[in-house]
Amino acid sequence: MFVLILPDGSRKEVAEGTTAFMVAEEISHRLAKEAICAKLDGQLIDINEPLKSGGQFEVITSKSPEALEVIRHSASHIMAQAIKRLYPQAKFAIGPAIKDGFYYDIDLPEKLSEKDLEAIEAEMKKIVSENLPFERRELLQDNALAYFAAKEEQYKVELIEELEGTVSLYKQGEFEDLCRGPHLPSTGSLKAFKLLSLAGAYWRGDSKRPMLQRIYGTAFADKDSLKEYLRLLEEAAKRDHRKIGKELDLYSVRDEGPGFPFFHPKGMVLRNTLEDFWRKIHRKAGYEEIKTPIILNEQLWHNSGHWDKYRENMYFTVIDDNNYAVKPMNCPGAMLLYGRQLVSYRDLPLRYGELGLVHRHELSGTLHGLMRVRCFTQDDAHIFMTPDQIEAEISGVIDMIDYVYRQVFGFNYHVELSTKPERSLGSEEIWETATNALRGALNHKGVDYKVNEGDGAFYGPKIDFHLQDCLGRTWQCGTIQLDFLMPERFHLNYIGEDGEKHTPVVVHRVVFGSIERFIAILTEHFAGAFPTWLSPVQVEIIPVSDSHKEMAEKLRAELEDNDIRTHIDARDEKLGYRIRAAQMEKVPYMLVIGDKEVESGNISVRSRTAGDLGTMTREDFIAGLVKENRTMSQECVFKK
RNA sequence: GCCGACGUAGCUCAGCAGGUAGAGCAACGCAUUCGUAAUGCGUGGGCCACCGGUUCAAUUCCGGUCGUCGGCUCCA
């Protein structure tokens with residue numbers, strides 16, 4: 001006999017050999033019916049496995065957060081079984097549950113195509129209807145090795161070789177696979193799944209190992225959740241910034257410059273507005289703006305350590321027989337500018353901001369619209385300071401990022417702290433001091449954060465900010481990196497209170513991250529319907545017919561005088577046609593100018609969100625828009 | 001870079017068992033002067049990504065290159 005402690009705190013004595021299912025059945029019949037697996041002392045276990053000891057006990061149903069992982073993992077096994085039935089020569093690698101579904105990597109002589117997914121999915125449905133129980137058994141490592149070797153499953157053999165002691169296997173019907181488990185009680189418990197895509201993937205993610213075929217799929221506890229997920233995928237496709245960028249004529253990437261984006265006139269308005277905003281908040285926060293060259297002597301990059309650690313991502317060129325490099329980061333330029341003069345401790349902190357265009361050679365296969373490019377503009381800044389200013393400065397940057405993300409754009413975000421990577425410069429002590437400084441700032445501000453061991457930059461640890469868009473996707477944008485090394489390598493100093501030279505500490509930081517990528521994120525987040533203050537055209541003026549063009553022109557001048565961006569659509573088309581065109585271009589406001597307006601001097605206003613707002617005076621409209629621009633509002637200021 | 005799919009008009013896409021191409025939208029012209037999401041008629045527009053091969057003939061078949069897309073890897 002041993003004792004289980006249930007989630008409500010009550011204790012239950014059970015006999016050895018009792019299964020989790022039997023316990024669930026005793027609690028309630030319904031619970032047993034909905035049970036997917038169970039949890040004992042934090043460990044997920046199969047529902048039909050005899051319990052071996054007591055502890056904290058919980059029945060996992062489809063409503064539990066842990067359920068999805070089990071459902072998806074079982075789905076991947078069922079997919080493997082279906083594949084094995086259709087392709088007996090298939091060899092299996094790994095098939096885990098992942099964030100939005102599952103995949104299985106398969107070694108198969110024939111190339112699968114999207115069409116084959118349908119057949120596999122159909123076979124899976126058959127397996128589900130066969131309702132085969134998942135049966136667990138344990139084997140000693142040697143026996144398991146022999147078992148999989150006999151089946152010529154060389155990938156499984158390799159996996160087992162790295163395990164120790166006994167390994168567990170799961171069997172459903174004729175198919176048995178190496179697996180830690182747990183699984184659904186039977187294949188019939190899989191209620192909603194879909195195969196999504198096909199891709200190549202290296203065995204163990206190593207480009208020197210064989211390329212396997214990976215099938216991605218997803219599974220949910222019920223059909224509605226699956227439908228909702230598929231809807232989200234569709235919505236994401238509709239919002240794809242590459243599509244919207246083309247449709248709204250904002251930006252594009254052309255074959256002539258893979259990874260080097262073009263900004264069209266309208267995209268440039270958006271970009272400049274964002275940069276103006278950036279300059280404004282940085283001036284206010286005590287930053288000075290600099291611009292450092294894009295091409296600098298290669299020697300500089302040897303000094304900075306980039307050549308050692310980052311060479312394979314850099315572009316090089318020769319000028320007058322001397323070697324030069326195109327900058328992949330802005331820091332060395334900023335270091336040079338700091339070093340141009342004698343600095344007193346009274347001058348610190350010195351905050352140099354730079355909208356710096358950097359170039360990085362990224363693998364061709366990774367390029368993706370504005371999200372992943374080969375040149376981009378960092379909204380960079382380097383803050384030079386004394387060690388005792390670190391916390392206040394980091395705190396200031398955290399405040400700025402919070403203001404921009406949360407207050408201006410309304411994004412939620414989370415924070416991660418990354419520590420010393422394998423390829424790094426500097427001593428353990430320096431890294432520890434730097435990491436503790438970042439940790440201290442976060443703790444004192446009461447910011448929640450997650451730690452990523454080994455994910456820091458080569459010159460220092462960092463704090464990353466991941467914002468969440470309206471589809472729940474997260475994007476790493478802002479980052480704060482502490483650096484004790486670069487100032488030393490560039491022999492930077494300041495004269496302290498004691499009259500001696502000291503080495504300053506540097507913080508590298510970005511708020512948007514990459515302007516290009518931030519614009520892509522905004523495009524997808526707003527689906528192209530940017531808040532008025534960012535919209536390339538804010539007001540479309542539509543004269544009903546030729547006789548109203550004059551008032552349209554006058555109105556346009558009046559709006560432009562108030563820094564409102566306008567466009568007149570005087571095309572020889574019907575009103576409805578031009579309204580529709582403006583609507584599809586996601587222009588926030590449309591003004592219809594006809595006889596009534598010419599007569600009264602008032603204007604009739606249509607908003608892209610609320611539709612016809614009726615007439616108002618020019619003054620009221622202008623005052624409203626000026627306010628909307630100034631407050632960077634995401635809502636239409638006019639009430640219907 | 002690697003695996004797979006793809007590349008046809010400004011855009012979205014048809015088409016071709018090999019005989020140098022078509023639609024809708026957009027553009028342009030004419031008529032229309034219009035009140036809140038598409039007026040009608042007409043016209044122009046393509047080295048069918050690029051380079052080679054097979055063939056009497058290639059946009060179509062084959063090979064290569066470049067690019068795009070989905071992944072792997074990497075990352076702002």
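Throughout, a chain's letter reflects where its sequence line sits, starting with A, and its residues are numbered from 1. All values below were derived from every heavy atom in this structure, side-chain atoms included, with hydrogens, water molecules and symmetry-related copies excluded.
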Answer yes if the side chains of A:Arg214 and A:Tyr216 hold a donor-acceptor pair under 3.5 Å, and no otherwise. yes

Between B:rG45 and B:rC25, how far apart are the two C1' atoms, rounded to whole Å? 14 Å

According to salt bridge (charged side-chain N to carboxylate O under 4.0 Å, His left out), who are the partners of A:Asp380, at least two apart in sequence or on a separate chain? none

For a stem of at least 3 consecutive Watson-Crick or G-U pairs with distances under 3.5 Å, i pairing with j, i+1 with j-1 and so on, which stems involve RNA chain B? B:1-7 with B:66-72, B:10-13 with B:22-25, B:27-31 with B:39-43, B:49-53 with B:61-65

If you measure from the P atom in B:rC3 to the same atom in B:rG63, how many Å do you get, rounded? 15 Å

Going by an N to O cut-off under 4.0 Å, is there a salt bridge joining A:Arg351 and A:Glu393? yes

Base, sugar-phosphate or nothing for A:Gly576? Non-hydrogen atoms, less than 4.0 Å. sugar-phosphate

Assign A:Arg608 to base, sugar-phosphate, or nothing according to its heavy-atom contacts below 4.0 angstrom with the strands shown. nothing

Rounded to whole angstrom units, what separation is found between the OH atom of A:Tyr589 and the C1' atom of B:rU36? 16 Å

Rounded interatomic separation in angstrom, taking CG from A:Asp116 and C1' from B:rA5: 13 Å

Could you tell me how far B:rG19 sits from B:rA57 if I compare only their P atoms? Round to whole Å. 14 Å

Where the side chain of A:Lys574 is concerned, which of B:rA37, B:rU36, B:rC34 is the nearest nucleotide? B:rC34

Within 6.0 angstrom of A:Lys194 NZ, more than 12 heavy atoms from elsewhere: no

Have a look at A:Phe518 and tell me which of A:Phe465, A:Trp278, A:Phe409 forms a ring-ring contact (aromatic ring centres under 6.0 Å, His included) with it. A:Phe409

For B:rA27 and A:Arg571 - does any side-chain N or O of the residue sit under 4.0 Å from the phosphate oxygens OP1/OP2? yes

Contact pattern, 5' to 3', of nucleotides 42-50 of chain B - B, S or - by protein heavy atom under 4.0 Å: ---------

B:rC3 C1' sits how many Å from A:Trp203 CH2, rounded? 17 Å

To the nearest Å, how far apart are A:Glu573 CD and B:rG29 C1'? 13 Å

Nearest heavy-atom neighbours spanning A:Ala90 and A:Ile83: CB-CG2, 4.0 Å

Pair A:His414-A:Glu416, side-chain donor/acceptor within less than 3.5 Å: yes

Check this for me: does the side-chain of A:Ser604 come within 3.5 Å of the base of B:rU36 through a donor and an acceptor? yes

Whole Å only: how far is the CD1 atom of A:Ile579 from the C1' atom of B:rC34? 12 Å

Whether the A:Ser545 and A:His548 side chains hold a donor-acceptor pair (N or O, under 3.5 Å, no angle test) is what I'd like checked. yes

Kindly write out the residues that satisfy salt bridge (charged side-chain N to carboxylate O under 4.0 Å, His left out) with A:Glu69, not counting sequence neighbours, or none if the list is empty. none

Side chains of A:Lys596 and A:Thr615 only: does a donor on one sit below 3.5 Å from an acceptor on the other? no

Other residues, nucleotides and ligands only: do more than 12 of their heavy atoms fall within 6.0 Å of NZ on A:Lys291? yes

P spacing across the pair B:rA49 / B:rG44, given as an integer number of angstrom: 24 Å

Figure out the CG/C1' separation between A:Leu196 and B:rG4, and round it to whole Å. 16 Å

Scan nucleotides 68-76 of chain B nucleotide by nucleotide, 5' to 3', and note B when protein non-hydrogen atoms come under 4.0 Å of the base, S if they reach only the sugar-phosphate, - if neither. SSBBBBBBB

Rounding to an integer number of angstrom, what distance separates B:rG42 and B:rG35 when you compare their P atoms? 25 Å

Do A:Thr474 and A:Gln468 pair up side chain to side chain, a donor and an acceptor below 3.5 Å, judged on atom types alone? no

Are A:Val408 and A:Phe277 side-chain neighbours, meaning at least one heavy-atom pair lies under 4.5 Å? yes

For B:rU59 versus B:rC2, give the span between their P atoms, rounded off to a whole number of Å. 28 Å

If the P atom of B:rA23 is compared with that of B:rA9, how far apart are they to the nearest Å? 14 Å

Distance, rounded to the nearest Å, where A:Phe260 contributes CZ and B:rG67 contributes P: 11 Å

Mind checking the C1' distance from B:rU55 to B:rU20? Whole angstroms is fine. 15 Å

Comparing A:Glu256 and A:Gln583 on RNA chain B - which has the more 5′ nearest nucleotide: A:Gln583

Tabulated below should be each protein N or O lying under 3.5 Å from an N or O of nucleotides 10-12 of chain B; please produce it.
| from | atom 1 | to | atom 2 | distance (Å) |
| --- | --- | --- | --- | --- |
| B:rU12 | OP1 | A:Lys246 | NZ | 3.1 |

Residue A:Glu550 excluded, over 12 heavy atoms near CD under 6.0 Å: no

Would you classify A:Glu597 as touching base, sugar-phosphate or nothing, given that sugar-phosphate means primed atoms plus P, OP1 and OP2, and contacts are heavy atoms under 4.0 Å? base

Nearest-angstrom distance from the residue atom CG of A:Leu248 to P of B:rA26: 16 Å

Answer yes or no: is there an ion pair linking A:Glu256 with A:Arg254, defined by an N-O contact shorter than 4.0 Å? yes

Determine the sole option in A:Ile542, A:Leu591, A:Ile579, A:Val592 for which the side chain to side chain contact (heavy atoms under 4.5 Å, CB included) test with A:Arg606 is passed. A:Ile579

I want to check one thing: is the phosphate of B:rA37, taken as OP1 and OP2, less than 4.0 Å away from some side-chain N or O of A:Arg606? yes

